[in-house]
Each structure stands twice: as C-alpha cells, then as structure tokens.
There are 2 protein chains.
Amino acid sequence: MPSDRSESRTEILDAAEARFARQGFDGTTIKQIAGDARVNSALLYYYFADKDALYGAVVSRFIERIAAQVAQTFAGGGDPATLIADFAARQGGVFEAEPRFRKLLGRELIDFDARHAQAAIRHLAATTFERLRETIAEGQRAGVFRADLDPRFAAISLVGQTAYFHFARPAVEILLADGKPLPAGTTDAFAAHVADFTLAALAPRSPSRPRPRARATARRRNRT
Amino acid sequence: MPSDRSESRTEILDAAEARFARQGFDGTTIKQIAGDARVNSALLYYYFADKDALYGAVVSRFIERIAAQVAQTFAGGGDPATLIADFAARQGGVFEAEPRFRKLLGRELIDFDARHAQAAIRHLAATTFERLRETIAEGQRAGVFRADLDPRFAAISLVGQTAYFHFARPAVEILLADGKPLPAGTTDAFAAHVADFTLAALAPRSPSRPRPRARATARRRNRT
DNA sequence: GTCTATATAGTGATAGAC
DNA sequence: GTCTATCACTATATAGAC
C-alpha cells in the first residue's frame, strides 16, 4: 500500500475519514465525500474499488496512526509500575487528541465486527498489547505485582477503563455531570485515577491486612 | 406510554429491535421491519411519527429492560464487598443473556450520542449507579475500602472493565484468542476477574507493604 | 386499523469523452 | 487522471380506499 500515490487520493481519504467518523458508513454518501474533497464523485472509483474498499482504507490508515502513538509508551523503557502509569496517561491523551477515534473505531467494532481493522488490531496485539502483558508479567516475577492475576485479563482491565470512559462519553456525562459536558480536567483526572486504581489492584496481597472479600452468594439467573 | 396498545404495534417494535440491533439505523429499511412483522409498511406510520420515533421507542424500551435486570443486584442488600462482586457477575450475565445489548446500546452511544436513551440512562444514573456509588462510599466509611478514591470514578472503573470486554468483543477476541471465538467460560472467568481486580483496587493501603508506585515521568505530548 | 399505490428524492456505480 | 452523463434501483413518507 503506497501512502500518497497522488494528491487527490489523499484528499479523498481525508474527506472520507471525516465523513465516516461523523456519519458512519451507511450515513455517508459518495457524493458528500467527493464534494468535500473537491473532486468528481466518479474519481473515487478510479482510486477505490467501491465504497467498502474506501472505508476499509480509511479505517486501517487511522488505526495504524493511533497504534503508533500508543506504542510510544514503551519506547523509553522503565520499571513496570511507571510503564503502567505512563500507558494510562498516554491512552487518555490519545482519546483527547484524536476526536475521531471514538466514533471511527466504535463504529468499526459495532457495524463491522472489526473486519476492516483486523490487520491493524492484530499488529497491535503482537506489539503494544503484548508489551503491556509482558510488563505486568515482569512485575509479577519481580514481586512488585501480585502473581495470581492473569496478565492478559489485567491488561484488558487497564485498557477497558479508559476506553469505556471515552466510548461511552454521552453516558458518562450523564453519570458525572447531569448530561452536561464534563468540567475541564475531568479526563486527565480520570486517567490519573485509572493509573492509581490499576496499580492498587496489582499490588501484592498484604498478609497483615486482608483485602475485603465477597461472601459467597447464590448466583442468581438473569431473567430473559 | 402505554405498553401494548395493540398486537401489531408490539410486533413492529420487536421486529424493529432485531433489525436495528443487527443493521443499525441507516442500514435498516421500513420495509424490512414491516416484512418481519408481517404488516404493511404504511402501518408503521400509523403507530410512529417517523423512522426516528420508531427507533427511539425501540431503544428506550430495550434499555429500560436491561436496567431492570442490573438493578436486581441491590434488591437483597449485603455488605459492600459482596455487592461489588455480585454487580460484576450480574453485569457480565446481562451481556451474555442479551446478545442485542452490545450493538443496540453501542450504536445509540456512537450514532446518536445517547439522544434516544437519555431518559433511561438518567433513570439508571439516579438508581443503580447511585446505589453503586453509595455502596463504595459506605465501604470507605466502614474502613473496608480505601478512602482516597472518588467513588464515582471507582464505579466507572468497575462498570467499564466489563462493558469494554463486551462492546469491543471483536478486538478482545483478537487479543485473547487470535481472532477466533472465545473459549467457553471466558466471559464468566473475566467477570470473576473484574470482581477480584476491583476489590483489590479498593482494598485499604497496607502500611507495612507499600504498593508499587510509578516514578514521576515527564508527560510527553502526543503527536497529532 | 390496515391496506394499495405512488410521489419525490436520492443512492452506488459505470461507460466513455477528454 | 479527471470529468460528464446517466442507469437501475431503493429510500422515506403520504394520500386515500376499505
């Protein structure tokens, strides 16, 4: 995949990215994209086989850009606890800096089960997620994290807190601010909370001061 | 809002719920819904003002049903740690038992910024989320949870882990199972992990055994 | 309440000139 | 590479018979 075969191709991709993020796949028309890119709508079929191929190019390009940003967490190295905290801060920062991320990836996950993003996510799984998992495992071996947690589950717990906060933003605004926009600084505050919460969860069990334990309860069936 | 004004109305709502969950708002046509409900497409405009009103009725009805299930966590009462663990199990169970939940709410959050679900989510915020927050605050007052966490942020951390696991299911399958369906029992195992992880995060700081701390690092700016 | 019939306005995509 | 012109189809929504 050459990156900028021509000027028009890039402008089509840029216009399509904005439209697909705002309106989704079905809600966006070829003519809207062409109009935004100031080219004729027939030209889109010169560069891309059909609408789905254009969408796929937009999504994979976008996710790769995001993945590169998150990967920087591990560029410098550091001890496990510091890397965990850095990751939380960076993940929150990316959601802030990339306003299209929430809708573009959210729609890809819901509307297409990540079909177009599969290659990019697979790459992410082999690099950043693997580094995150290994960082947790390393902390466990060193005795600074508790050893009886599955490092992959722990990594998902970390990623999931921040991801939910941003993907479900309209719901979070209702929960925290009565539906109004969140006060300035809330997303940074939550990112700091995620680091704190996660490092506390990973802390070794204290023998002197037992953690709170849930009493066994009959697991009730959910009505359906 | 009367609940079942007529037989046809309910069948239209049921058919619409299935279609909107599977295909989204723009991807679903009035004629598809009418066909599934075995009525003429013009009849939909007798019961609902337009497509958007039908969609709104579907979404609010659905979320209210889900909210009622999650609310059962607090029906019996119990100590804070047990309630937290019960909530995690129940939230995971609801995602399993309601396969439409992921797509229907996900799309509502992304495509409409929760516009149609606002009343239902507001109700949820005032009841279940408030009970969850209060449960955490109660544990803090009793000294079984650490006191220096914002109970609302902690509640979002709890809810978010499970929500992310299910909303981002296609990505999680790549992370955990190389893109194949998750092995049986994985969602229950993750729900148990969430309870464990969250209760550990809420445990009081141990004075003897300090938790892992991140060293202060220069917070790097993200490229945009 | 439920239907037939249709107006109106697009939609994605293609053929082919330049 | 980029455009004009257009096809074949489908969309939501309404008027009005029964």
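Chain letters run A, B, ... following the sequence lines, proteins first, then strands; residues in each count from 1.
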Are A/Ser6 and D/dG1 close enough that a side-chain N or O sits under 4.0 Å from OP1 or OP2?
-> no

Could you state the atom-to-atom distance from NZ of B/Lys51 to P of D/dT12 in whole Å?
-> 4 Å

Between B/Tyr46 and C/dT2, does any side-chain N or O lie under 4.0 Å from OP1 or OP2?
-> no

Atom pair distance, as rounded to whole Å: CG in A/Leu44 and C1' in C/dA15 = 17 Å

Residues A/Arg100, A/Glu17: salt bridge by 4.0 Å N-O rule | yes

Taking the six-membered ring for Trp, is the centroid-to-centroid distance between A/Phe112 and A/Phe25 below 6.0 Å?
-> yes

Near DNA chain C, under 4.0 Å by heavy atom, which residues of residues 15-39 of chain A?
-> A/Thr28, A/Thr29, A/Ile30, A/Lys31

To the nearest angstrom, the CG-P distance between B/Asp52 and D/dA13 comes to 9 Å

Among D/dT4, C/dT4, D/dA13, the one nearest B/Asn40 by side-chain distance = C/dT4

Spacing of A/Phe48 atom CZ relative to D/dG1 atom C1', expressed in whole Å = 14 Å

Look at A/Tyr45 and C/dA13 and indicate whether a side-chain polar atom (N or O) is within less than 4.0 Å of OP1 or OP2.
-> yes

Please lay out, stage by stage, how A/Phe95 and A/Phe167 fare under the test ring-ring contact (aromatic ring centres under 6.0 Å, His included).
-> CA-CA 9 Å; A/Phe95 272 100; A/Phe167 280 129; 5.6 Å; yes

Of B/Arg22, B/Lys103, B/Arg169, the one forming a salt bridge (Lys or Arg N to Asp or Glu O under 4.0 Å) with A/Asp113 is B/Lys103

Residues B/Arg61 and B/Asp14 bridged, charged N to O under 4.0 Å | yes

Roughly how many Å is it from CG in B/Leu43 to P in D/dC18, rounded to a whole number?
-> 19 Å

Counting only side-chain N and O atoms of A/Ser8, is one of them less than 4.0 Å from OP1 or OP2 of D/dG1?
-> no

Would A/Arg115 and A/Glu108 pass as an ion pair if we require N to O under 4.0 Å?
-> no

Under 4.0 Å between a side-chain N or O of A/Tyr47 and OP1 or OP2 of D/dT2?
-> yes

B/Glu130 with B/Arg133: basic N within carboxylate O range, under 4.0 Å = yes

